[in-house]
Structure formats: C-alpha cells, structure tokens
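Input: a single structure, listed below in structure tokens.
Numbers restart at 1 for each chain; the letters A, B, ... are given by sequence-line order, proteins then strands.
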Amino acid sequence: MTKADKAYELLKESYPHAKCGLDYGTPFQLLVSTMLSAQATDKSVNQVTEDLYKQYPDLNSFLELTQEEIENKIRKIGLYKNKAKNIYKMLRELKERHNGEVPKNMEDLMSLSGVGRKTASVVLVEAFKIPAFPVDTHVFRITRRIGLSTATTPDKVSDEMMSKLPKYKWHLMHHLLITHGRETCIAQNPKCEACSVSNICNYFRNNKK
DNA sequence: AACTCGGGGCA
DNA sequence: TGCCCAGAGTT
C-alpha cells in the first residue's frame, strides 16, 4: 500500500462527512459558483448564489445581465470586479464557441475567461463525474506537508496525485483533503494532536514530534 | 516567481 | 485592527 493510499484510508475514516461545499443545481451553475469561489469562502458564495440562481437559472437568463449588474449581484464576495468581468466574458464564450453548453473537457474549459485548472477540474469532477484532481491552496499545502508530493506548483501536484492514486479514489480524496485542510490541517498552527495522518506526516515528524 | 484584486470571517 | 481565504491573469 502506497503512502497516498494509506492517507486516503485514514482520512476516509476521519471525515465521513467530506463533500463539495458549493451549492449548485446544474453544471452551468457549478461553473459560475466555482468561478465565484476563488479566494472566497463557500458560505459567502452559497449565500449569493441561492437568490441569484432563482432569478437567473441558466445561460440565457445570465446573458441578459450587463457586466455592472453582475458586479452588483456578487458584490458581497471578494474580487467581484474581476469575477464579474470574467463571468460576463465567459457567458458569451459559452454561447458563441460552445453552443451554450458547458464543455466536458479540460482544454475547452480552461480556454474560458476566468477558468483555470482548478475551476475546470472541479466542474469536470463534480458536474460530469469525469476524473480529474483539483488542487487548491488546501490540497497544495497538505500534500506537501504530509509528503505525498514535493512538486512546487499546483499543476504538478495535481499530476502527481493522479499518478499515485487509482482513478476511482480521486474524487473522494479531493473532498477528504479539502475537509482536512479546513478542519485540521489549517495553514497556521495545524491541529496535529487531532490529526489522523500525523503518523505518516513529514511535517509532524520534523516539527512536532 | 511575484504581484494584483477585495469583502468577509475570525482572532 | 490585522491577517488570511475552495484562484486566475498579467508582467
């Protein structure tokens, strides 16, 4: 059993409640929500999108909004100017280049304005159940702390994790790692005393033991 | 690789 | 108050 497999089993035991924190209905809504979630909390995104998707449930209704209107509707979330600009452009790219459908592959998703590898991966995995491995700041920090990856960029960590775990474990492992990062392996002063993988963690061995 | 955007959450 | 956050684009 590899270290990655072992971490998977231990974390699975600890976080039976692990899941994606974003509320959404359709793939289109998940795409928008994930774009909004950059450098913001799920909670603030869910608060804003709950009413937003009732009024504007799909691409065509979003297309009626001006960039300024989008900006005003997401003002409670950080980086709203950038996000509104990117979403406004992305909506039109979906219409013009993708027949109004959310693309189901990494390359087309990443070609959309404001969509990077992390957002594209989340949409593939959560909306379409297509294997991918999103790496956000939590996953990046944790995989390096434990010693599952020594890669220096999120893209490389994503590739490394995919190579170390069987495909069917990718989806849950992503949820386990972000949950671990939110509840236990936090950025400052991680709660190593409450951590279920401390026995295989490089950070714990080097700093706390 | 470093910088910028940004309001909200939390100490 | 001050610091950080489920990122992406630009230089």
Side-chain angles (χ1 to χ4, degrees), chain A residues 11 15 17-25 27 29-53 67-68 70-94 102-103 106-128 132-146 148-159 161-162 170-191:
Chain A
L11 292 170
Y15 306 113
H17 57 295
K19 65 174 180 65
C20 173
L22 289 174
D23 296 336
Y24 68 98
Q29 291 170 353
L30 177 63
L31 174 58
V32 174
S33 289
T34 310
M35 292 176 72
L36 291 175
S37 76
Q39 294 296 98
T41 59
D42 296 358
K43 199 177 161 188
S44 65
V45 174
N46 289 339
Q47 263 175 351
V48 165
T49 57
E50 184 178 0
D51 292 332
L52 189 58
Y53 295 156
Q67 187 173 319
E68 288 71 24
I70 296 175
E71 197 176 308
N72 286 329
K73 291 182 185 306
I74 65 172
R75 195 173 286 276
K76 282 185 180 172
I77 307 175
L79 309 182
Y80 60 88
K81 277 179 186 291
N82 274 341
K83 287 171 183 175
K85 185 180 73 180
N86 285 329
I87 288 171
Y88 183 84
K89 286 179 69 178
M90 179 279 293
L91 298 170
R92 279 146 189 82
E93 292 162 358
L94 274 187
V102 179
M106 182 69 79
E107 188 184 350
D108 288 342
L109 279 167
M110 284 185 66
S111 74
L112 297 169
S113 294
V115 178
R117 178 159 170 169
K118 190 265 173 179
T119 299
S121 304
V122 168
V123 171
L124 288 177
V125 170
E126 303 295 339
F128 300 129
F133 205 96
V135 173
D136 48 50
T137 53
H138 284 323
V139 174
F140 186 69
R141 177 179 71 250
I142 295 164
T143 51
R144 290 166 51 81
R145 270 186 183 160
I146 297 176
L148 299 178
S149 173
T150 56
T152 52
T153 68
D155 283 3
K156 290 179 185 172
V157 170
S158 179
D159 290 336
M161 290 306 294
M162 288 191 286
W170 294 357
H171 189 193
L172 180 55
M173 186 59 158
H174 172 240
H175 288 179
L176 292 171
L177 289 173
I178 57 181
T179 304
H180 186 53
R182 188 170 51 215
E183 298 186 8
T184 310
C185 196
I186 52 182
Q188 275 78 37
N189 301 112
K191 304 173 181 174

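Near DNA chain C, defined here as any heavy-atom distance below 4.0 Å, the residues from residues 134-146 of chain A are A/Asp136, A/Thr137, A/His138, listed numerically. Residues of residues 173-183 of chain A that place a heavy atom closer than 4.0 Å to DNA chain C, in numerical order, are A/Ile178, A/Arg182.
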Requested in this report: Encode nucleotides 1-11 of chain B as B, S and - characters from 5' to 3', where the letter depends on protein heavy atoms closer than 4.0 Å: B to the base, S only to sugar-phosphate, - to neither.
Outcome: ----BBSS---
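In terms of the salt bridge (charged side-chain N to carboxylate O under 4.0 Å, His left out) criterion, residue partners of A/Asp159 (sequence neighbours excluded) are, by chain and number, A/Arg117. Every residue two or more places apart in sequence or in another chain was checked for a ring-ring contact (aromatic ring centres under 6.0 Å, His included) with A/His138, and none qualifies.
Contact check for A/Lys85 versus A/Glu71: no side-chain heavy atoms found under the 4.5 Å cut-off. Residues A/Leu109 and A/Thr119 have side chains not in contact (no heavy-atom distance under 4.5 Å, counting atoms from C-beta outward).
Across all strands shown, A/Val122 has no heavy atoms under 4.0 Å from either base or sugar-phosphate atoms.
In this structure, CD in A/Glu183 is found 3.5 Å from NE2 in A/His17, a value given to the nearest 0.5 Å.
Side chain of A/Tyr53 to main chain of A/Gln29: a donor-acceptor pair is present (N/O by atom type, distance under 3.5 Å, no hydrogens or angles). In this structure a side-chain-to-backbone donor-acceptor pair under 3.5 Å is missing from A/Arg144 to A/Val157. Between the side chain of A/Ser37 and the main chain of A/Asp42, no donor-acceptor pair closer than 3.5 Å is present. Under the 3.5 Å distance criterion, the side-chain polar atoms of A/Asn46 are matched with a main-chain donor or acceptor of A/Asp23. Checked by atom type and distance alone, the side chain of A/Lys118 never pairs as donor or acceptor with a backbone atom of A/Thr137 at under 3.5 Å.
With respect to A/Thr49, the side chain to side chain contact (heavy atoms under 4.5 Å, CB included) criterion is satisfied by exactly one of A/Leu36, A/Ile77, A/Leu30: A/Leu36.
Heavy-atom minimum distance, A/Ala120 versus A/Met110: CB-CG, 3.8 Å. Nearest heavy atoms, A/Lys89 versus A/Ser113: CE-OG, 3.5 Å.
First and last contacts of DNA chain C with chain A, using any nucleotide atom under 4.0 Å from a protein heavy atom and ordered 5' to 3', fall at C/dC4 to C/dG9.
If you take atom P in B/dC3 and the same atom in C/dC4, they sit 14 Å apart, rounded to whole Å. Rounded to a whole angstrom, the distance from the P atom of C/dA6 to that of B/dA11 is 15 Å.
Each of A/Ser113 and A/Gly21 was assigned the nucleotide of DNA chain C with the nearest heavy atom; the assignment lying further toward the 5' end belongs to A/Gly21.
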